[in-house]
Amino acid sequence: MDDAKATVRTMIDALNRRDWERFAELLAPEVSYTILGYEFPGAGTMDRETVLRQLPAVFGIFDADSPKLEITHLIAEGDWVIVEATGTGSFLDGTRYENRYANVYEVVDGRVRTVREYMDTQHMANLLSAVAAPAGEAR
């Protein structure tokens, strides 16, 4: 259980530092990474290759130090770890970002095999619309 917690903490740290090489090392070859949400761009299940392509692209719309996930609660039982976290930062245009997350991880043999990411998808969609709005358009 402590090993699973440590793996998840290490993975979140790698995300926060944008250390994609370390992040990739922590993903199992058969990882299933699901962003839960209806009618939300990017929602659905990704395989390893897609995760390693999509996450850096998503982080690319944020400033160099964003977003950061701060763990507020971490609970583990066996191979399963649940994390509550707050994501904060700024988009490239300076728009402030803050969201709440509850993520479920399955850790097998020191690598993450399952991720289910829950966040306020409506809030995120609103932020993405504001960031994508052409200059001069109301936000």
Could you pull out the closest heavy-atom pair between M46 and I35, with the gap in Å?
CE-CD1, 4.0 Å
Please answer: with hydrophobic residues joined when any side-chain heavy atoms are less than 4.5 Å apart, are L92 and F59 in the same cluster?
no
Assess the residue pair L52 and L27 against the criterion (side chain to side chain contact (heavy atoms under 4.5 Å, CB included)); give the C-alpha distance rounded to whole Å, side-chain angles, the decisive distance to 0.1 Å, and a yes or no.
CA-CA 9 Å; L52 294 174; L27 287 180; 3.8 Å; yes
Rounded to the nearest 0.5 angstrom, the NZ-CD distance for K5 and E77 is 11.5 Å
Stepwise side chain to side chain contact (heavy atoms under 4.5 Å, CB included) test for I12 and I71:
CA-CA 9 Å; I12 291 171; I71 297 171; 3.7 Å; yes
Is a side-chain donor or acceptor of T72 paired with a backbone partner of E84 at a separation under 3.5 angstrom?
yes
Could you tell me whether a side-chain N or O of R113 sits under 3.5 Å from a main-chain N or O of V108, the two making a donor and an acceptor?
no
Ring centers of F62, Y97 separated by less than 6.0 Å:
yes
Are the charged groups of R9 and D13 less than 4.0 angstrom apart, N to O?
no
Quick check: do P29 and R111 have side-chain heavy atoms less than 4.5 Å from each other?
yes
Side chains of E117 and Y33: any donor to acceptor distance under 3.5 Å?
yes
I'd like to check L74 versus V81 (side-chain heavy atoms, cut-off strictly below 4.5 Å). Are they in contact?
yes
Distance col, row R22:CZ vs T10:OG1, nearest 0.5 angstrom, shows 6.0 Å
Below 4.5 Å, heavy atoms only, C-beta onward: do F23 and E21 meet side chain to side chain?
no
Give the minimum heavy-atom separation between R48 and E25, together with the two atoms involved.
NH2-N, 4.4 Å
Nearest atoms (heavy-atom pairs only) where A43 meets G37
CB-O, 3.3 Å
Say whether V58 and M11 are linked into one hydrophobic cluster, either directly or through other cluster members, by side-chain heavy-atom distances under 4.5 angstrom.
yes
Kindly indicate, with the supporting measurements, whether the criterion side chain to side chain contact (heavy atoms under 4.5 Å, CB included) is fulfilled by V107 and V8.
CA-CA 8 Å; V107 179; V8 169; 3.9 Å; yes
Let me confirm one number: the OG1-CE distance from T86 to M119, rounded to the nearest 0.5 Å.
13.5 Å
Please, which pairs that meet salt bridge (Lys or Arg N to Asp or Glu O under 4.0 Å) have at least one residue in residues 119-130, sequence neighbours excluded?
none
Group every Ile, Leu, Val, Met, Phe, Trp and Tyr by side-chain heavy-atom contacts under 4.5 Å, then state whether W80 and I75 land in the same group.
no
If every non-hydrogen atom of V51 is compared with every non-hydrogen atom of P56, which pair is closest and at what distance?
O-CD, 3.8 Å
For residues L69 and W20: do they belong to one hydrophobic cluster (side chain heavy atoms under 4.5 Å, members Ile, Leu, Val, Met, Phe, Trp, Tyr)?
yes
Atom CZ of R100: over 12 foreign heavy atoms under 6.0 Å
no
Can you name the closest pair of heavy atoms from V83 and Y105 and give their distance?
CG2-CE1, 3.8 Å
Those residues that, when tested against T45, pass side-chain hydrogen bond (donor to acceptor under 3.5 Å, both in side chains) (two or more places apart)
T34
Would you say the side chain of R96 lies within less than 4.5 Å of the side chain of T88, judging by non-hydrogen atoms?
yes
Run the side-chain contact (heavy atoms from CB on, under 4.5 Å) test against I61 and tell me which residues pass, sequence neighbours left out.
F91, L128
Identify the two heavy atoms, one from R18 and one from S66, that lie closest to each other, and give their separation to 0.1 Å.
NH2-O, 2.5 Å
Does any part of the side chain of L26, heavy atoms only, come nearer than 4.5 Å to the side chain of T7, both counted from C-beta?
yes
